[in-house]
Undergrad: 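My questions all concern the structure below.
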2 protein chains.
Amino acid sequence: MAELVNVMPLFNDLAKIEHEHRVACQDCSLFRLCLPLGLQNSDLAQLDTIIKRSQSYKRAHTLFSTGNEFKSLYVVRSGSFKTTISAVNGREQVTGFYFPGEFIGLDAIHQQSYQSNAKALETSSVCELPFENLQDIGKQMPQLQIQLLTRLSKELSSDKNLMLLLGKKTADEKIATFLLSLSKRFHDRGFSATEFQLTMSRSDIANHLGLAVETVSRVMSRFQEDGLIEINGKAISLLNTTAINVMCG
Amino acid sequence: MAELVNVMPLFNDLAKIEHEHRVACQDCSLFRLCLPLGLQNSDLAQLDTIIKRSQSYKRAHTLFSTGNEFKSLYVVRSGSFKTTISAVNGREQVTGFYFPGEFIGLDAIHQQSYQSNAKALETSSVCELPFENLQDIGKQMPQLQIQLLTRLSKELSSDKNLMLLLGKKTADEKIATFLLSLSKRFHDRGFSATEFQLTMSRSDIANHLGLAVETVSRVMSRFQEDGLIEINGKAISLLNTTAINVMCG
DNA sequence: CAGATCTCTTGATATAGATCATGGAAATAA
DNA sequence: TTATTTCCATGATCTATATCAAGAGATCTG
């Protein structure tokens with residue numbers, strides 16, 4: 001890691017470390033969760049050359065909007081994002097939340113333009129993968145192609161589960177399912193499975209789950225009364241994951 | 001097309017012609033809509049060698065079920081299918097309907113096992129694409145890899161739109177959107193955009209759209225009273241597509 | 001840091017669509 | 001063919017959750 005820390009002022013220095021701007025894939029803490037999984041060292045080095053590591057974006061920064069020309073896939077490096085699509089009449093649906101190691105923009109490939117809007121929920125950074133370059137180097141890396149397909153397939157699968165949630169679950173089941181999904185993802189990333197921050201607003205959660213904000217508040221308050229969780233603004237603790245699991249339906 | 005028609009009894013003969021069992025990709029009427037789009041002739045011939053063309057399946061035939069080992073992707077060749085996923089408590093969600101040229105099983109790639117159930121809605125046939133073979137020949141066919149990614153991406157995109165429908169649309173908007181989606185897909189396949197058969201039951205439609213069967217019946221009846229459509233059992237005519245379009249929200 | 005603007009919570013009320021109920025029409029089986 | 005089952009349409013009623021309302025925090029902003 002040949003970093004230029006010694007010539008940087010402290011502020012930038014900290015920011016760089018915090019968001020690991022210059023960390024190569026093989027040294028990145030997300031390695032296990034990210035695209036390079038399964039690649040040879042030489043392939044990895046080549047992948048590394050096409051990746052553009054972003055500066056950190058502030059909350060509400062727009063990564064791309066519907067209709068923008070598709071050039072790159074993005075992998076969340078730090079922080080979190082939400083994606084939305086909008087109906088003609090202005091109604092919006094939050095189609096997903098994205099955490100470190102997860103891909104954004106996969107639904108843009110077929111139209112060569114982004115089909116959704118992606119926005120940072122907090123201070124965040126991404127790795128940008130220019131799609132043409134990715135295809136170029138992919139020609140000699142079957143493993144990379146499989147990784148890509150696997151990513152797409154995984155998102156497809158979780159979208160189908162979200163359909164089940166939206167179409168068939170009650171408000172309680174929706175919230176329980178949502179909380180456990182977050183828990184699992186944080187755990188996979190080496191964080192606590194029971195204590196974490198909800199980086200998205202209640203209204204984003206409500207929208208994503210096909211509920212009204214008020215319903216989200218009420219259900220969460222009730223879950224708290226029943227000793228299932230403890231909430232403190234954005235901070236949440238899962239006190240009884242077994243019970244929450246049962247509630248998922 | 002070296003067909004063995006002359007040694008076959010009449011019944012099989014007719015069945016073969018009806019479902020084009022032996023038609024190579026380059027002679028298939030679905031060519032424009034299907035995987036081979038954009039492939040060189042030589043590549044096409046190679047793709048042809050790995051494709052297994054199924055016999056025709058009867059209504060309700062199960063193509064695969066959740067948990068089955070993933071070996072192949074399927075492309076609908078004739079007829080139609082539905083896919084479903086089930087919650088632990090037995091509730092099911094119809095996650096999609098599939099028509100000729102459309103892929104089934106894309107969400108199985110990442111787990112190497114099918115994540116849903118696929119069932120024929122009528123007499124139907126498929127082209128089976130053994131995934132390993134597909135990956136093998138894909139190594140020398142970047143265009144094939146891109147086609148695959150494109151397919152995945154397209155389904156992802158339409159799933160996000162379904163989320164919008166499930167999460168934000170009224171019963172009327174859901175039905176209107178659904179009818180237009182079918183209309184477009186039939187039109188793309190060279191059939192009438194305004195007159196077609198609903199090969200799925202009302203209850204499949206209801207389930208897919210997150211509604212009760214009764215609601216589907218009622219909304220369709222009202223659409224008929226209002227002169228938007230005409231229904232006769234499974235047969236439907238769209239009489240005023242402009243108005244239906246406006247209703248999609 | 002004071003004012004403005006969002007965000008969250010909780011209560012009261014309304015409603016879209018679910019559920020229950022019934023009869024007739026199709027499809028399937030025997 | 002007849003019997004049986006599934007599917008579809010329509011009416012009556014109910015309910016889960018939306019909407020409306022209002023106040024308390026939290027967070028922005030000049």
Side-chain angles (χ1 to χ4, degrees), chain A residues 58-61 82 91-94 119-123 165-179 197-226 229-236 247 249, chain B residues 58-61 82 89 91-94 119-123 165-179 197-226 228-236 247 249:
Chain A
K58 276 196 286 197
R59 196 180 116 72
H61 172 89
K82 68 170 175 183
R91 274 175 297 182
E92 284 214 322
Q93 171 75 26
V94 174
K119 217 175 226 189
L121 293 171
E122 59 189 311
T123 303
L165 177 146
L166 287 168
K168 297 278 162 321
K169 295 193 177 185
T170 65
D172 284 17
E173 292 170 338
K174 286 176 176 181
I175 302 276
T177 307
F178 176 67
L179 291 178
Q197 295 287 321
L198 300 171
T199 57
M200 66 294 293
S201 68
R202 299 289 192 272
S203 112
D204 284 338
I205 297 174
N207 184 305
H208 184 53
L209 303 179
L211 296 171
V213 202
E214 294 92 330
T215 307
V216 173
S217 265
R218 275 188 261 268
V219 172
M220 284 191 166
S221 298
R222 187 155 36 75
F223 279 11
Q224 179 160 239
E225 278 168 37
D226 297 350
I229 64 176
E230 195 175 315
I231 0 174
N232 221 303
K234 299 265 179 198
I236 186 161
M247 300 207 60
Chain B
K58 276 197 284 196
R59 194 179 118 71
H61 172 88
K82 69 170 174 183
N89 53 21
R91 274 175 297 182
E92 283 215 322
Q93 172 74 26
V94 173
K119 215 173 228 191
L121 293 170
E122 59 189 311
T123 303
L165 176 145
L166 287 167
K168 295 279 161 323
K169 294 193 178 186
T170 65
D172 284 18
E173 291 169 340
K174 285 175 177 181
I175 301 276
T177 307
F178 175 67
L179 291 178
Q197 297 286 322
L198 301 171
T199 57
M200 66 295 293
S201 68
R202 300 287 193 272
S203 110
D204 285 338
I205 298 175
N207 183 304
H208 184 51
L209 302 179
L211 296 172
V213 203
E214 295 92 329
T215 307
V216 172
S217 268
R218 276 189 259 270
V219 172
M220 284 191 167
S221 298
R222 185 155 39 73
F223 278 10
Q224 181 161 238
E225 278 168 37
D226 298 350
L228 296 177
I229 63 176
E230 196 176 313
I231 1 175
N232 221 303
K234 299 265 180 196
I236 188 163
M247 299 206 62

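Since we're looking at a predicted model, the values are computed, not measured. Residue numbers start from 1 in every chain, and the chains themselves are labelled A, B, ... in the order their sequence lines are given, proteins ahead of strands.
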Undergrad: Is the backbone N or O of Leu228(B) less than 3.5 Å from a side-chain atom of Asp226(B), with the two atoms forming a donor-acceptor pair by type?
TA: no
Undergrad: Send over the distance from Glu122(A) CD to dT27(D) P, rounded to a whole Å.
TA: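 The distance from CD of Glu122(A) to P of dT27(D) comes to 14 Å, rounded to the nearest Å.
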Undergrad: Heavy atoms only, 4.0 Å cut-off, all strands: where does Lys234(A) land among base, sugar-phosphate and nothing?
TA: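 Since only primed, P, OP1 and OP2 atoms lie under 4.0 Å of Lys234(A), the category is sugar-phosphate.
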Undergrad: Less than 4.0 angstrom between a side-chain N/O of Thr215(B) and OP1 or OP2 of dG17(C), yes or no?
TA: no
Undergrad: Taking the side chain of Leu211(A) as its heavy atoms from C-beta onward, which of dA18(D), dC8(C), dA9(D) lies nearest to it?
TA: dA18(D)
Undergrad: How close do Met247(B) and Glu173(B) get, counting heavy atoms only, and between which atoms?
TA: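 Distance-wise, the nearest heavy atoms are O-CG, 3.0 Å.
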Undergrad: I want to verify a distance call: between dA9(D), dA18(C), dT9(C), whose nearest atom is closest to the Ala212(B) side chain?
TA: dA18(C)
Undergrad: Any donor-acceptor pair under 3.5 Å between the side chain of Glu214(A) and the base of dC20(D)?
TA: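 Check passes, donor-acceptor contact within cut-off.
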Undergrad: How many Å lie between CD on Gln224(B) and P on dC8(D), as a whole number?
TA: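 Atom-to-atom, Gln224(B) to dC8(D), this comes out as 15 Å.
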Undergrad: Classify the side chain of Arg222(A) and the base of dT17(D) as holding, or not holding, a donor-acceptor pair under 3.5 Å.
TA: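 It does not, because no donor-acceptor pair links the side chain of Arg222(A) to the base of dT17(D) below 3.5 Å.
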Undergrad: Test side chain to side chain contact (heavy atoms under 4.5 Å, CB included) on Leu179(A) and Met220(A); report intermediate values, then the result.
TA: CA-CA 10 Å; Leu179(A) 291 178; Met220(A) 284 191 166; 4.3 Å; yes
Undergrad: May I ask you to decide whether Lys234(A) forms a salt bridge with Glu122(A), counting only side-chain N to carboxylate O separations under 4.0 Å?
TA: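 The answer is no: the pair does not qualify as a salt bridge.
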Undergrad: So which nucleotide from dT7(C), dA21(C), dT10(C) ends up closest to the side chain of Ser201(A)?
TA: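 Minimum distance to the Ser201(A) side chain belongs to dT7(C).
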Undergrad: Rounded to the nearest angstrom, tell me the gap between atom CG in Leu165(B) and atom P in dG17(C).
TA: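 These atoms are roughly 12 Å apart.
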Undergrad: Report the distance from atom CD1 of Ile205(B) to atom P of dT6(D), rounded to the nearest whole Å.
TA: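 It works out to 19 Å between those atoms.
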Undergrad: Which atom names give the shortest non-hydrogen contact between Leu121(A) and Arg59(A), and what distance separates them?
TA: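 Where Leu121(A) meets Arg59(A) most closely, the heavy atoms are O-CG, 3.3 Å.
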Undergrad: Tell me the interatomic distance from Arg202(A), atom CZ, to dA24(D), atom P, rounded to whole angstroms.
TA: 19 Å
Undergrad: When you check the phosphate oxygens OP1 and OP2 of dT9(C), does a side-chain N or O of Arg218(A) lie under 4.0 Å from one of them?
TA: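 Looking at the OP1 and OP2 atoms of dT9(C), neither is under 4.0 Å from any side-chain N or O of Arg218(A).
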Undergrad: Lys168(A) NZ to dA18(C) P: how many Å, rounded?
TA: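 Rounded to the whole Å, the gap is 10 Å.
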Undergrad: Counting any heavy atom closer than 4.0 Å, what does Ala171(A) reach on the DNA or RNA strands: base, sugar-phosphate only, or nothing?
TA: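 Sugar-phosphate: the residue Ala171(A), judged by heavy atoms under 4.0 Å, touches backbone atoms but no base.
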Undergrad: Ser221(A) near the nucleic acid: base, sugar-phosphate alone, or nothing, with a heavy-atom cut-off under 4.0 Å?
TA: sugar-phosphate
